[in-house]
Amino acid sequence: MRNPGLERKRPDLQINQIISNRSIHAIDGVEYLLVQGFNTLGTSGCSPLNECVFFHVKSRTLIVTDTVFHFDDRCSPSIRLIAKLLGAYNQLRPSLLEKFATLDKVKVKRSIQQLLTWNFERVIMAHGSIIEQDGKPQFKTGYEWFLEMPL
């Protein structure tokens, strides 16, 4: 299974399924959703992020890559300092780079509203510390900040 665009980055990988629409799907107790409209800001300007989120139903765990970050006292001192300077310390939310680069907030809002139908407690992300409890309300609060509107 892969996100759209991976075949260009990694043509050496064997791909057996493409994640390509914004509906929630399930495979073997794991539901997944492609987040639409999410961008990041890099050295060459704004670029789309093909972000897929996963929900493991049995453990009530949301698994994400770059859709949210969570830096707290378990992170290194330098990461904590940067997170504090950026106002992202002890917050479960996207980064400022994504907030500035994402222009189609309505599309992102629709995806996040779908995601919030899942009954998750824990959030595991690629960057930062795992949220073991109350992940859903923290995720919702982070996206209300990001979208600058209620969900």
Side-chain angles (χ1 to χ4, degrees), residues 1-6 15-42 46-151:
M1 189 174 358
R2 69 147 173 97
N3 278 349
L6 184 60
I15 298 168
N16 63 354
Q17 185 170 348
I18 299 169
I19 299 171
S20 61
N21 70 38
R22 59 185 160 197
S23 300
I24 294 174
H25 296 283
I27 297 175
D28 297 329
V30 176
E31 296 180 6
Y32 62 90
L33 171 72
L34 182 64
V35 176
Q36 301 284 312
F38 199 60
N39 292 327
T40 192
L41 187 61
C46 295
S47 60
L49 286 174
N50 293 319
E51 291 297 311
C52 192
V53 294
F54 300 89
F55 174 52
H56 184 252
V57 177
K58 189 174 181 179
S59 67
R60 296 179 59 203
T61 301
L62 182 70
I63 304 164
V64 302
T65 52
D66 293 333
T67 53
V68 290
F69 301 87
H70 179 249
F71 302 112
D72 63 7
D73 61 352
R74 293 174 281 182
C75 297
S76 71
S78 58
I79 295 293
R80 286 196 310 262
L81 176 61
I82 292 167
K84 286 177 183 179
L85 292 172
L86 295 174
Y89 185 70
N90 271 334
Q91 306 287 326
L92 180 64
R93 62 186 187 192
S95 77
L96 284 172
L97 296 177
E98 283 79 33
K99 184 170 181 158
F100 293 140
T102 300
L103 303 176
D104 194 346
K105 305 259 175 141
V106 171
K107 197 179 270 189
V108 175
K109 181 179 180 179
R110 282 194 300 259
S111 293
I112 298 305
Q113 285 174 323
Q114 282 187 297
L115 181 152
L116 289 172
T117 65
W118 291 331
N119 187 25
F120 60 93
E121 179 76 13
R122 176 188 297 139
V123 180
I124 298 174
M125 72 288 309
H127 308 285
S129 301
I130 294 171
I131 301 287
E132 291 291 348
Q133 57 189 8
D134 300 322
K136 186 173 180 176
Q138 291 180 58
F139 190 95
K140 182 177 183 269
T141 299
Y143 265 90
E144 288 177 334
W145 166 83
F146 176 79
L147 296 168
E148 298 176 347
M149 64 180 83
L151 287 168

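As a basis for the values below, the full set of heavy atoms in this structure was taken, side chains included, without hydrogen atoms, waters or symmetry mates.
Residues passing the side-chain contact (heavy atoms from CB on, under 4.5 Å) test with Asp72 are His70, Arg74, Cys75, Asn90, Ser129, sequence neighbours excluded. Evaluation of the side-chain contact (heavy atoms from CB on, under 4.5 Å) rule for Ser76 yields Ser78, Ile79 as partners, not counting sequence neighbours. Not counting sequence neighbours, the partners of Phe120 by the ring pair (Phe, Tyr, Trp, His ring centres under 6.0 Å) test are Phe139. Under the rule for a side-chain contact (heavy atoms from CB on, under 4.5 Å), the partners of Gln91 that lie at least two apart in sequence or sit in another chain are Arg93. Every side-chain contact (heavy atoms from CB on, under 4.5 Å) that Ser95 has, sequence neighbours left out, goes to Phe69, Leu97, Glu98.
Here the CZ-CG distance, from Phe55 to Asn119, works out to 6.0 Å after rounding to the nearest 0.5 Å. Rounding to the nearest 0.5 Å places CZ of Phe54 at 8.0 Å from OG1 of Thr65.
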Test log, rule side-chain contact (heavy atoms from CB on, under 4.5 Å), inputs Tyr89 and Leu81: CA-CA 8 Å; Tyr89 185 70; Leu81 176 61; over 6 Å; no

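Looking at every heavy atom in both residues, Phe146 comes nearest to Val108 through CE2-CG1, 4.0 Å. When every heavy atom of Leu147 is checked against every heavy atom of Leu151, the shortest pair comes out as CD1-CD2, 3.7 Å. Between Gly37 and Thr102, the shortest heavy-atom contact is O-CG2, 3.2 Å. Nearest approach of Arg122 to Ile130, heavy atoms of both residues: CG-CG2, 3.9 Å. Heavy atoms only, all atoms of each residue included: Glu51 and Thr67 are closest at CB-CG2, 3.6 Å. Scanning all heavy atoms of the two residues, the minimum distance from Asp73 to Arg80 falls at O-NH1, 3.3 Å.
Annotation: side chain of Lys136 is not in contact with side chain of Trp118 (no heavy-atom distance under 4.5 Å). Residues Val57 and Glu31 meet the side-chain proximity criterion, which asks for heavy atoms closer than 4.5 Å. Taking the side chain as every heavy atom from C-beta outward, Leu62 and Val68 never approach each other to under 4.5 Å. Under the 4.5 Å side-chain criterion, counting only non-hydrogen atoms from C-beta, Pro94 is in contact with Phe38. Side-chain atoms of Met125 and Leu92, non-hydrogen and from C-beta on, do get closer than 4.5 Å to each other.
Among residue pairs with one or both ends in residues 141-151, those qualifying as side chain to side chain donor-acceptor pair (under 3.5 Å) are Lys99-Glu148, Lys140-Glu144; sequence neighbours excluded.
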